[in-house]
Amino acid sequence: MALHFSSACLCSLSQMRGQKMRAVAGESSVTFNSEEDKVKLGGSDLKVTKLGIGAWSWGDTSYWNNFEWDDKKLKAAKTAFDASIDCGITFIDTAEVYGSRFSFGAINSETLLGRFIKERKEKDPEVEVAVATKFAALPWRLGRQSVLAALKDSLARMELSSVDLYQLHWPGIWGNEGYIDGLGDAVEQGLVKAVGVSNYSEKRLRDAYEQLKRRGIPLASNQVNYSLIYRLPEQNGVKAACDELGVTLIAYSPIAQGALTGKYTPENPPTGPRGQIYTPEFLTKLQPLINRIKEIGESYNKTSTQVVLNWLIAQENVVPIPGAKNAEQAKEFGGALGWRLTQQEIDQLRSLASELKPVTGFPVEKF
């Protein structure tokens, strides 16, 4: 039988440092506290919460926010950050290109995250945030020094002396060995606690793992597109390789950019670029799965969002990082923790999802 806590309960747990809470259902019980709800990233010493928050939308005007950024959206992003911390979700993922001028954004997501952390620490000096950011493998960036230079720029924007996880955002057209060397240098110089990659194929993943291993540095993670309706990592060998090598799979777009929440229908598809992926035709075919997700959620007093996030966590060695644009979303994500779907429910959702044609992913996954 699955055990679950309400999201409100989860939020209160973050304020109970060192204390334990016991929940009993039938003959099963769990002990839950902040440390036990963290996992190590790969073979590194870095521990993060079982679920993180993605900050892609913060400051972005090229894909999210209907191409607009104003004080209202800024305040919403700040409340998303604070609500996440309040709920005990302290792993935040950003990137140098999110919200940047290079991507036609309004303000860099890293700048906002650094500001939010600084303001939070003024109120709570003991708060600890695990920050992950990413290096953009742009064609004109060559060699290990380009990685270190970009990392130092990111640190300057966030006003931090180091970050917890530094990742290569996507494989470069060339120069990838130099980029991996740069990650190793960053670890040895104390600028990062752990390093990872993103959008790496099985072969690239294994190559990066071996290159870092020769220096005694573990590859902590591979961040890829992974959700109930986008299971390419299972099909292309990436998930199996991560499990074999002890590399944590960080799942971006875990709720399929909102398509799995039940928010969108054939009559009400998403706007902007997402509307080109989640079309009325696709959403029509998606409805049987959406209906079953909702039914399962109702049996646990959970939302559809919480169900699909829990499905990913149940795959083991997976840390989902849904994007939070406001406090309500962040609080809802917290309700995905502290309980588990049954194996029958996990298999049933996979079976229903398998009947759908896969959605489009990020092209660099196939490099």
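Everything quoted here is computed from the prediction, not taken from an experiment.
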Original post:
More than 12 non-hydrogen atoms from neighbouring residues, nucleotides or ligands closer than 6.0 Å to CD on Glu295, yes or no?
Top reply: yes

Original post:
In terms of side-chain geometry, is the basic nitrogen of Glu119 or Lys78 positioned less than 4.0 Å from the acidic oxygen of its partner?
Top reply: yes

**OP:** Apply side-chain hydrogen bond (donor to acceptor under 3.5 Å, both in side chains) to the pair Arg350 and Gln315, showing each step before the final yes or no.
**Re:** CA-CA 11 Å; Arg350 180 187 295 278; Gln315 305 310 306; 2.7 Å; yes

Original post:
Looking at Asp82 and Arg120, does any basic side-chain N land under 4.0 Å from a carboxylate oxygen?
Top reply: yes

Subject >> Student check: side-chain heavy atoms of Tyr300 and Gln306 closer than 4.5 Å >> reply: no

Original post:
Is any side-chain N of the basic residue among Asp71 and Lys75 closer than 4.0 Å to the acidic one's carboxylate O?
Top reply: no

Original post:
Atom CD1 in Ile293, atom CG in Leu349: separation rounded to 0.5 Å?
Top reply: 5.5 Å

Subject >> Ring geometry between Phe116 and Trp58 (parallel below 30°, tilted from 30 to 60°, perpendicular above 60°) >> reply: perpendicular

Subject >> Nearest-0.5 Å distance, CG of residue Leu286 to CD of residue Glu355 >> reply: 11.5 Å

Subject >> Donor on one side chain, acceptor on other, Thr303 and Glu332, under 3.5 Å >> reply: yes

Original post:
Side chains of Ile53 and Phe333: does their closest heavy-atom pair fall under 4.5 Å?
Top reply: yes

**OP:** Could you tell me whether Lys134 and Glu96 make a salt bridge, using a distance below 4.0 angstrom between a side-chain N and a carboxylate O?
**Re:** no

Original post:
Atom CG in Asn268, atom CG in Leu283: separation rounded to 0.5 Å?
Top reply: 9.0 Å

Original post:
Just how far is it from atom NZ of Lys263 to atom CD1 of Ile290, taken to the nearest 0.5 Å?
Top reply: 13.0 Å

Subject >> From CG (Leu113) to CE (Met158), nearest 0.5 Å >> reply: 6.5 Å

**OP:** Consider only side-chain N and O atoms of Tyr226 and Glu234, and report whether a donor and an acceptor are under 3.5 Å apart.
**Re:** yes

Original post:
Between Lys121 (side chain) and Val127 (backbone), is there a donor-acceptor pair under 3.5 Å?
Top reply: yes

Original post:
Just wondering, do Leu249 and Val319 contact through their side chains at under 4.5 Å, heavy atoms?
Top reply: no

Original post:
Under 3.5 Å, is there a donor-acceptor pair between the Asp347 and Gln343 side chains?
Top reply: yes

**OP:** Check the side chains of Thr342 and Glu345 for a donor-acceptor pair under 3.5 angstrom, ignoring hydrogens and angles.
**Re:** yes

Original post:
Cut-off 3.5 Å, side chains only: do Glu244 and Tyr209 have a donor facing an acceptor?
Top reply: no

**OP:** Could you tell me whether the side chains of Glu110 and Thr94 share a donor-acceptor contact shorter than 3.5 Å?
**Re:** no

Original post:
Under 3.5 Å, is there a donor-acceptor pair between the side chain of Asn176 and the main chain of Pro171?
Top reply: no

Original post:
Do Tyr264 and Pro270 touch side chain to side chain, with heavy atoms closer than 4.5 Å?
Top reply: yes

Subject >> Salt bridge Glu202-Arg206, side-chain N to carboxylate O under 4.0 Å >> reply: yes

Subject >> Glu328/Lys331 salt bridge by N-O under 4.0 Å criterion >> reply: no

Original post:
What's the verdict on salt bridge (charged side-chain N to carboxylate O under 4.0 Å, His left out) for Glu210 and Lys203, showing C-alpha distance, side-chain angles and the deciding distance?
Top reply: CA-CA 11 Å; Glu210 291 297 334; Lys203 182 182 184 306; over 6 Å; no

Original post:
Just wondering, do Pro254 and Val308 contact through their side chains at under 4.5 Å, heavy atoms?
Top reply: no

**OP:** Decide yes or no on side-chain contact (heavy atoms from CB on, under 4.5 Å) for Ile255 and Leu228, but give the supporting numbers first.
**Re:** CA-CA 8 Å; Ile255 55 177; Leu228 185 55; over 6 Å; no

Original post:
Do Val129 and Phe81 have side-chain heavy atoms sitting under 4.5 Å apart?
Top reply: yes

**OP:** Quick one: closest heavy-atom pair of Ile346 and Ala314, and the distance?
**Re:** CD1-CB, 3.5 Å

**OP:** Test side-chain contact (heavy atoms from CB on, under 4.5 Å) on Val39 and Asn317 and set out the steps.
**Re:** CA-CA 9 Å; Val39 293; Asn317 194 36; over 6 Å; no

Original post:
Are Val97 and His169 side-chain neighbours, meaning at least one heavy-atom pair lies under 4.5 Å?
Top reply: yes

Subject >> Glu188 CD: over 12 foreign heavy atoms closer than 6.0 Å >> reply: yes

Original post:
Would the number of heavy atoms belonging to other residues, nucleotides or ligands and lying under 6.0 Å from CD of Gln344 be above 12?
Top reply: no

Subject >> Residues Arg215 and Asp185 bridged, charged N to O under 4.0 Å >> reply: yes

**OP:** Measure across Pro139 and Leu142 and return the closest heavy-atom pair with its distance rounded to 0.1 Å.
**Re:** O-CD2, 4.0 Å

Subject >> Donor + acceptor pair across side chains of Gln211, Asp181 (<3.5 Å) >> reply: yes

Original post:
Where is the tightest heavy-atom contact between Arg231 and Ser354, given as atom of each residue plus distance?
Top reply: NH2-OG, 3.2 Å

Subject >> Rounded distance [0.5 Å steps], CZ in Arg157 versus CG in Asn108 >> reply: 5.0 Å

Original post:
Of Asp93, Asn199, Thr248, which is the lone residue that meets side-chain hydrogen bond (donor to acceptor under 3.5 Å, both in side chains) with Gln223?
Top reply: Asp93

**OP:** With the side chain counted from C-beta on, respond yes when Ile85 and Thr90 share a heavy-atom pair under 4.5 Å apart, and no when they do not.
**Re:** yes

Original post:
What's the shortest heavy-atom distance between Ile92 and Ala55, and which atoms?
Top reply: CG2-CB, 4.4 Å

Original post:
Which atom pair, heavy atoms only, marks the closest approach of Leu51 to Ile89?
Top reply: O-CG2, 3.2 Å

Original post:
What pair of heavy atoms forms the shortest contact from Lys285 to Leu356, and how long is it?
Top reply: O-CD2, 3.2 Å

Original post:
Could you walk me through whether Phe135 and Tyr179 pass the ring-ring contact (aromatic ring centres under 6.0 Å, His included) check?
Top reply: CA-CA 9 Å; Phe135 166 84; Tyr179 295 156; 5.0 Å; yes

**OP:** Kindly determine whether Asn310 and Val307 satisfy side-chain contact (heavy atoms from CB on, under 4.5 Å), including the steps that lead there.
**Re:** CA-CA 5 Å; Asn310 191 273; Val307 169; 5.8 Å; no

Original post:
Can any side-chain N or O of Ser299 pair as donor or acceptor with the backbone N or O of Ile296 at less than 3.5 Å?
Top reply: yes

**OP:** In sequence, state the C-alpha distance, the side-chain angles, and the governing distance for Leu168 and Ile180, and then conclude on side-chain contact (heavy atoms from CB on, under 4.5 Å).
**Re:** CA-CA 8 Å; Leu168 303 182; Ile180 298 297; 3.6 Å; yes

Subject >> N/O donor-acceptor pair under 3.5 Å between Lys193 side chain and Leu165 backbone >> reply: no

